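Shown next, in structure tokens, is the structure this report addresses.
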Amino acid sequence: MAKKLETSKSRTVLKSLAYFDLSLTSPSSFSLSSLPSFTCVAVATLSDSQLVIYAGTDSGALLLLTLNPDLDPSSSTAAQIDADYNKVKFLRSIPISRSALKSIHIVDQIGRVLVLSDGFLYLVDLQLLQPVKKLGILKGVNVVARRVCSTEFGSSNWFHEEGVSNSSVGGRLMKKLSVGIRSNGVGVKEFDLRGDNNDGACLFVVTMGKKVVFIELNLSISKHDRDVDGQRGSFVVLKEMPCIDGVKTMVWLDDSVILGTDNAYSLMSCNTGQVSLIFSLPDMAASPCLKLLSKDKVLLLVDNAGITLDSNGQPVGGSLVFGCAPHSIAELSTYVVVAGDGKMELYHKRSGTCVQTFSFGGNFGSSKCYLADEEYVNGRFVVVAASSKQVFCYRKIAPEEQIKDLLRKKNFREAISLVEELEVEGDLSREMLSFVHAQVGFLLLFELHFEKAVDNFLLSETMQPSEIFPFVIRDPNRWSLLIPRNRYWGLHPPPVHIEDVINDGMLAIERAPFLKKAGVDTAVNNEFLLNSPNRDDILDSAYRNIIRYLQVMRNKNINQQVKEGVDTLLMYLYRILKWTEYMEKLASSENSCVIEELESLLEESGHLRTLAFLYANKGMSSNALAIWRVLARNHPPGTHQDTAETYHLSDSCSIPVSSRETAATEASKILEESADVESILQHLGWISEVNEELAVRVLTSQKRISPLPPDDVVAAIDPRKIEILQRYLQWLIEDQDSTDTHFHTLYALSLAKTALESLETDVSQHANNKSMREPITYVSGRILPSENPVRERLQIFLHSSDSYDAEEVLELIEGSELWLEKAILYRKLGQETLVLQILALKLEDSEAAEQYCVELGRPDAYMQLLDMYLDPQNGKEPMLNAAVRLLHNHGESLDPLQVLERLSPDMPLQLASETVLRMLRARLHHYHQGKVCWFFSF
């Protein structure tokens with residue numbers, strides 16, 4: 001008995017379905033006197049429950065075998081060969097001729113089998129019950145081929161021409177091919193274009209020496225349907241055309257016939273009869289062989305290479321290189337099946353890779369192999385017949401089963417490749433590709449290959465993030481009901497916590513060497529056997545890759561409950577790995593963390609900053625502020641320091657350098673948006689102790705809808721925090737346009753106190769009070785540089801505001817050296833003389849004094865100023881230069897007589913003579929000008 005063995009290849013596409021051995025057939029069921037050898041085979045599925053196999057022998061007999069394809073044996077081991085054999089039923093045989101059968105064609109459209117033997121064609125019914133019909137007119141037939149139309153070309157009805165309707169296929173083709181032509185004296189019946197039903201018509205081409213003949217098989221029972229032999233409903237010869245000699249293989253596709261001889265492959269046009277060379281074969285080449293493939297292609301064999309052509313004879317796609325020169329070729333979906341040298345191989349048509357091999361033992365190896373597939377359909381079966389009297393039937397494994405088989409073998413990459421190929425071919429949906437990626441991911445996860453597992457999870461479009469939850473948090477939990485109980489194909493264990501997965505995996509790795517020594521195969525990866533992993537490293541890798549998956553998933557469109565689980569478990573894993581930076585980044589950004597699940601964990605581990613960020617993010621401001629207050633005041637050793645990467649400011653402030661500074665900053669961010677006056681004032685104190693700038697931001701924030709009550713704020717500010725009070729009052733007055741006298745006065749008094757303090761500091765540092773001799777910095781709206789910014793702010797405010805109590809401020813600075821400030825206040829109070837005295841005598845600012853006189857607009861003001869210059873009193877020397885300057889600049893506004901009366905006898909005449917002379921000239925000019933005006937007025 002022949003014995004078969006399936007070799008180890010990457011895929012299992014075909015599986016043994018049945019086995020038949022003619023030598024085991026009882027004599028009663030086989031009428032032949034001697035056991036013949038098989039020479040050809042054909043297979044077809046007549047129904048879902050019946051597969052028929054026609055096998056031709058070298059004695060001229062045709063055997064009919066049937067089997068039920070649903071009875072698929074579970075394995076193909078030698079022990080089940082007899083069981084496989086019993087599933088094949090030998091029905092009957094019928095003698096066709098006395099010579100070997102060369103080819104068999106199942107024409108199920110007309111319920112016939114067309115057989116080629118000894119140069120003749122024979123027709124027999126599908127059940128081999130009726131007498132054999134010989135097509136006697138066709139003699140010396142070498143090869144026969146059925147016409148196939150490509151999808152673009154259309155069916156045989158393409159031959160229908162305008163004006164010719166309801167004709168048979170043969171009639172239309174005959175008209176297309178110029179029916180009635182005689183070739184080499186052979187008579188051809190001219191087909192009548194009549195209105196017969198042609199649903200059962202089939203077209204074939206046969207080679208006979210140096211000619212080809214196109215025929216139509218048709219089972220119409222009309223009395224007109226008689227062939228040239230007078231038999232009913234057999235065939236009609238459509239046309240003969242000259243051809244090359246020695247054709248051994250042939251394919252008819254669309255309007256082209258591809259011919260193969262020992263020397264070359266040629267292309268023949270059915271319309272013109274022209275034969276063109278495709279290419280020549282080398283000497284000593286193997287026998288030519290052509291195979292019609294699906295999708296309108298033809299496979300052309302040159303020794304051990306297969307070349308794909310289209311209907312025009314042009315190469316398309318790549319070539320296939322086989323392990324040996326095949327004796328026979330079949331097609332199965334996306335694979336090409338070849339047989340030769342005692343073995344059968346499957347090659348993927350797109351990649352050219354050999355994916356499966358079947359080797360046959362016994363006397364099968366020296367026998368010729370004949371392959372058959374379900375032609376013209378996307379079949380599932382391949383039959384191998386051998387001259388050694390055996391027939392093997394194989395069935396294509398369902399795609400899902402192929403994938404499962406690869407996964408069981410842990411050939412994950414090949415499984416994914418197969419799914420991608422099947423998706424391209426349209427045999428599997430994209431959802432199945434996602435399903436397999438998820439299945440592969442779980443298998444890799446239990447194999448402790450976490451990085452590859454997550455890579456596959458991320459490629460799955462249907463996997464739910466909640467499927468990862470059981471690996472991170474133990475049941476029961478708030479998300480237990482969200483976890484889909486999808487076991488996929490049941491190839492991996494149920495989900496458990498990742499630590500349990502690793503513990504089981506580590507235990508298996510430890511046991512594997514002992515089991516191997518005992519001859520027990522294990523599923524442990526060789527990589528782990530050669531280099532045993534460290535549990536901590538494996539656990540760290542698991543957590544890191546689960547984090548990677550969850551980080552991607554949190555940006556997907558998932559429902560809120562799942563999103564809460566993703567973010568909460570991310571925080572949980574960050575905490576385990578002590579990734580404080582990521583914890584704070586997640587907590588401070590928009591997230592869906594469930595704070596109830598994290599509160600106690602974060603408190604126990606000392607991640608108070610993260611907890612504070614979470615509180616603030618969830619609107620629990622009081623909790624967050626309480627934590628920041630504790631961190632700022634206590635700064636316990638267990639808290640985490642800041643890093644520049646985790647801290648962000650929305651303004652130009654520098655990054656804090658201490659945890660206290662960060663605590664104050666984060667608290668101020670919360671308070672800037674808060675409308676809770678009590679909370680703001682409660683935390684204002686400790687924030688101001690850390691950073692006064694932050695306290696000012698809190699009080700003057702524009703982020704809150706309504707401002708804080710000013711009276712409460714002023715009362716809450718620590719009296720020692722003068723800068724905070726001043727900046728708040730400045731903001732209240734300048735930005736909020738407050739005109740409240742109380743706040744204006746309070747601001748002026750505060751600035752005045754600060755100015756007095758700075759003045760005392762300056763006096764102690766400098767023997768000479770430079771501030772009293774410096775030029776006036778603000779008079780009548782003019783601002784000049786000042787060395788004291790506090791005094792400058794005070795002077796600006798005193799001059800610009802009209803809402804403060806000038807007397808109260810003056811009372812504060814009355815005994816000080818703040819002369820310019822006093823001058824502004826006196827001016828507010830209308831004390832003109834005091835203003836002039838301060839400007840002219842105390843500050844000695846002649847320009848400011850003269851400008852003040854200009855603003856007053858009265859001549860007596862100039863005379864009053866001149867009196868002050870000439871008689872300063874208090875033992876001070878007359879200020880003659882200032883007096884001369886006044887006379888020079890504003891002499892025309894003074895009475896010369898009064899000026900002369902007030903000039904001191906001690907004043908040198910040369911200082912005042914020119915000025916007085918100019919005054920007199922100006923007065924005389926004004927006198928004459930007045931008279932002229934008076935004259936013309938009459």
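Just so we're clear, the structure is a prediction, and the values are computed from it rather than from any experiment.
- Between the side chains of Gln439 and His492, at least one donor N or O sits under 3.5 Å from an acceptor N or O.
- There is a side-chain donor-acceptor pair under 3.5 Å between Lys396 and Ser333.
- Between Tyr488 and Phe435, the ring-plane angle classifies as tilted under the 30° and 60° cut-offs.
- To the nearest 0.5 Å, atom CG of residue Leu422 and atom CG of residue Leu433 are 10.0 Å apart.
- Between Glu374 and Arg380 there is no salt bridge, since no side-chain N of the basic residue sits under 4.0 Å from a carboxylate O of the acidic one.
- Aromatic ring pairs are classed by plane angle as parallel below 30°, tilted from 30° to 60° and perpendicular above 60°; the pair Phe204 and His105 is perpendicular.
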- Apply side-chain contact (heavy atoms from CB on, under 4.5 Å) to Ile416 and Asn456, showing your working. CA-CA 10 Å; Ile416 297 298; Asn456 280 276; 4.0 Å; yes
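- Proximity of the aromatic rings of Phe38 and Tyr370 is defined here by a centroid distance below 6.0 angstrom, and this criterion is not met.
- Shown here is Asp283, whose CG atom has no more than 12 heavy atoms of other residues, nucleotides or ligands within 6.0 Å.
- Taking the charged nitrogens against the carboxylate oxygens, Glu421 and Arg350 have no contact shorter than 4.0 Å, which rules out a salt bridge.
- For the side chain to side chain donor-acceptor pair (under 3.5 Å) with Glu331, the qualifying choice from Lys291, Lys297, Lys349 is Lys349, the only one to do so.
- Taking the six-membered ring for Trp and the full ring otherwise, the centers of Phe358 and Phe392 sit at least 6.0 Å from each other.
- Side chain to side chain, Ser99 and Ser97 fail the donor-acceptor criterion of an N or O pair below 3.5 Å.
- More than 12 heavy atoms of other residues, nucleotides or ligands shown are found within 6.0 angstrom of NZ on Lys102.
- A side chain to side chain donor-acceptor pair (under 3.5 Å) with Asp405 is found for exactly one of Gln402, Arg408, Lys409, namely Lys409.
- Here the shortest heavy-atom pairing between Tyr347 and Val321 reads CE2-O, 3.5 Å.
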